[in-house]
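The chains referred to below are lettered A, B, ... by the order of the sequence lines, with proteins before strands, and numbering in each begins at 1. In what follows, every heavy atom counts, from backbone to side chain, and hydrogens, waters and symmetry copies are set aside. These numbers were taken from a predicted model, which means no experiment stands behind them.
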Amino acid sequence: MNVLLDHLDLFRDGFIGTVSLTAASAVLALVLGVLIAGFRVSPVPPLRAFGTVWVTLLRNTPLTLLFLVAFFVLPQIVFPGISSYVLGVLALGFYTSSFVCEAVRSGINTVPMGQAEAARSLGMTFVQTLRMVVLPQATRTVIPPLSSIMIALTKNSAIAGAFNNPELFSVQKVLSDKGFNVMVIFVWVALAYLVLVFLVSGFFRLLERRLEVAR
Amino acid sequence: MSSSVLFDAPGPKARARNRTFAVVGSAALAALVAFIVYRLSAKGQLDGAMWDIFNYAGVRNSIVNGLVSTLEAFAMAGVLSLLLAVVLAVGRLSDHRPVSWVATSVIELFRAVPLLITIYVLWVGFFTKEPLWAVVIGLTLYNGAVQAEVLRAGILAVPKGQSEAAYALGMSKTQVMTTVLIPQAVRSMLPTIVSQLVVTLKDTSLGFVITYEELLYAGRQMASTILVDGENPYVPVVLVFGAIYVAMCLALSALANWIERRGRRAKTGIKVADAQTATPEGAGVGNVA
């Protein structure tokens, strides 16, 4: 108990670190994921191929390897001295985007064919069909898989802590260096993750109920 | 060419536009790749000497050792997690309230706590000398919980008439479970189970954090200790090790797809789950590590 109360600021910073890391990479993953899903169903073959390669590569690579790429290869390509926060967001966001892409794509598949056909017969272009007719309807089916993807993202953000980014997991490193019992620290860290995961799944359940539409 | 309902078979105008997009898109991608290659070669990462390191017996040995350790952890964790999954799934479906309550809370706990933390706690608390066991037990707990839910979904999906018929024959609950429900559940859920094994394989790389000498750890060691012209060979190492991981995972995914196709062929009335893999045809959503 003392560990938590005496170092409340440390735990608070770790909590905030995890939340902001998760939120930023969730936004990146959503934007990239929807874009790549659009590529994968588009009428332009090179873009389709790019989407397929993107998803296949990122989904079959361990996230830890992506973190290695972000922390050791990326600084050589762009410029050295990028903050560990940005690198963590990039690794998490890129990895998660491939899962978001597949969720969106299977959501697109559940929209009745007649909807897209009607849109086409009105003379809508591919982008219009997708943006105004198909994607809004796909949203509802995409919410549940998206929920589990976001929960996975929240948990995966712990890996950023192992790469010296300040967040919940890295809190224990600071405290155990000070000689506190590691097990006690981890009880609190694990509890914090439990709270986060339940918050995320609660948020998505709310979203699901709000977006419920009879089709 | 209208493989999708989202767009018509393109007419002359659309074809011209698509061609423009194709050219612009390819050009943008090529430019990006060229920029990356240019920056990396400016850093000397693409020099022949950099790639020469893979010609040394020592380097090859450590790759093989890392691969063996990864596969070792994966094999143990795979088998143990499946065993745990059967126990947890049956426990969760038990008629005895306390049993199902315990199984449910174990499943919920280990699914909600990041795997890295489970592994780290096991390492610091119990297996400081043997990181292999921390990795294996951590993976077993997490994947056992996940596979238990998969198995439970499979058991609940078996048509009700199956268990009713078995009970009518006078079988006990244990008999119904072991001889009727679980075999059918495993069969219909096999694609998903194998897909989850891909996640297990990928997650062995978390052993990297707790100094278990698996494939990724070997790579990291190699990249940070070898110096070629004053630079660490991160790019060659990442490319080679990434290729090994992708190849292993794709092989497992292919197995899942193959099982799914076989399952669809046999008409037993029990729906076979989609193989949720990252191969181009499958639009599934699984494999969330």
Is chain B contacted by the side chain of A/Ser42, its backbone, both, or neither, given a heavy-atom distance below 4.5 Å?
backbone
Sort by residue number and list every member of residues 63-74 of chain A having a non-hydrogen atom under 4.5 Å from chain B.
A/Thr64, A/Leu65, A/Leu68, A/Val69, A/Phe72, A/Val73
Honestly, the part of A/Val78 sitting under 4.5 Å from a heavy atom of chain B is backbone
Is a side-chain donor or acceptor of A/Gln115 paired with a backbone partner of A/Pro112 at a separation under 3.5 angstrom?
no
Highest number of heavy-atom pairs under 4.5 Å with chain A among B/Phe241, B/Tyr245, B/Phe35, B/Tyr120 belongs to B/Tyr120
Given 3.5 Å as the limit, does a donor-acceptor pair link the side chain of A/Gln137 with the main chain of A/Val133, or not?
yes
Expected output: side-chain B/Thr70 to main-chain B/Leu215 donor-acceptor under 3.5 Å
yes
Honestly, the part of B/Phe126 sitting under 4.5 Å from a heavy atom of chain A is side chain
Please classify the contact between B/Phe208 and chain A as side chain, backbone, both or neither, with a heavy-atom cut-off of under 4.5 Å.
side chain
Counting heavy-atom pairs under 4.5 Å with chain A, the top scorer among B/Val113, B/Leu29, B/Val23, B/Leu201 is B/Leu29
Honestly, the part of A/Phe163 sitting under 4.5 Å from a heavy atom of chain B is side chain
What residue in B/Val37, B/Val121, B/Val235 has the most heavy-atom pairs under 4.5 Å with chain A?
B/Val121
Answer yes or no: is there an ion pair linking B/Glu149 with B/Arg152, defined by an N-O contact shorter than 4.0 Å?
yes
Keeping B/Thr200 on the side-chain end and B/Gln196 on the backbone end, is there a donor-acceptor pair under 3.5 Å?
yes
Over 60° means perpendicular and under 30° means parallel, so tell me whether A/Trp54 and A/Phe50 are parallel, tilted or perpendicular.
tilted
Sort B/Arg19 into side chain, backbone, both or neither according to what part of it lies under 4.5 angstrom from a heavy atom of chain A.
neither
Just by modelled atom types, is the A/Ile143 backbone N or O under 3.5 Å from a matching donor or acceptor in the A/Ser147 side chain?
no
How about B/Phe21: does its CZ atom have over 12 heavy atoms from other parts shown lying under 6.0 Å from it?
no
If you measure from the Lys or Arg side-chain nitrogens to the Asp or Glu carboxylate oxygens, is any gap between A/Glu117 and A/Arg120 under 4.0 Å?
no
Sidechain-backbone polar pair: A/Thr96 side chain, A/Gly93 backbone, donor-acceptor under 3.5 Å
no
Answer with side chain, backbone, both or neither: which region of B/Val246 has an atom nearer than 4.5 Å to a non-hydrogen atom of chain A?
both
Using non-hydrogen atoms only, which part of B/Ser26 is less than 4.5 Å away from chain A: side chain, backbone, both, or neither?
side chain
Do B/Leu115 and A/Lys155 have side chains that get closer than 4.5 Å, going by heavy atoms?
no
Would you say B/Ser69's side chain and B/Glu213's backbone share a donor-acceptor pair under 3.5 angstrom?
yes
Please classify the contact between A/Ile151 and chain B as side chain, backbone, both or neither, with a heavy-atom cut-off of under 4.5 Å.
neither
Part of B/Ile36 lying under 4.5 Å from any heavy atom of chain A
both
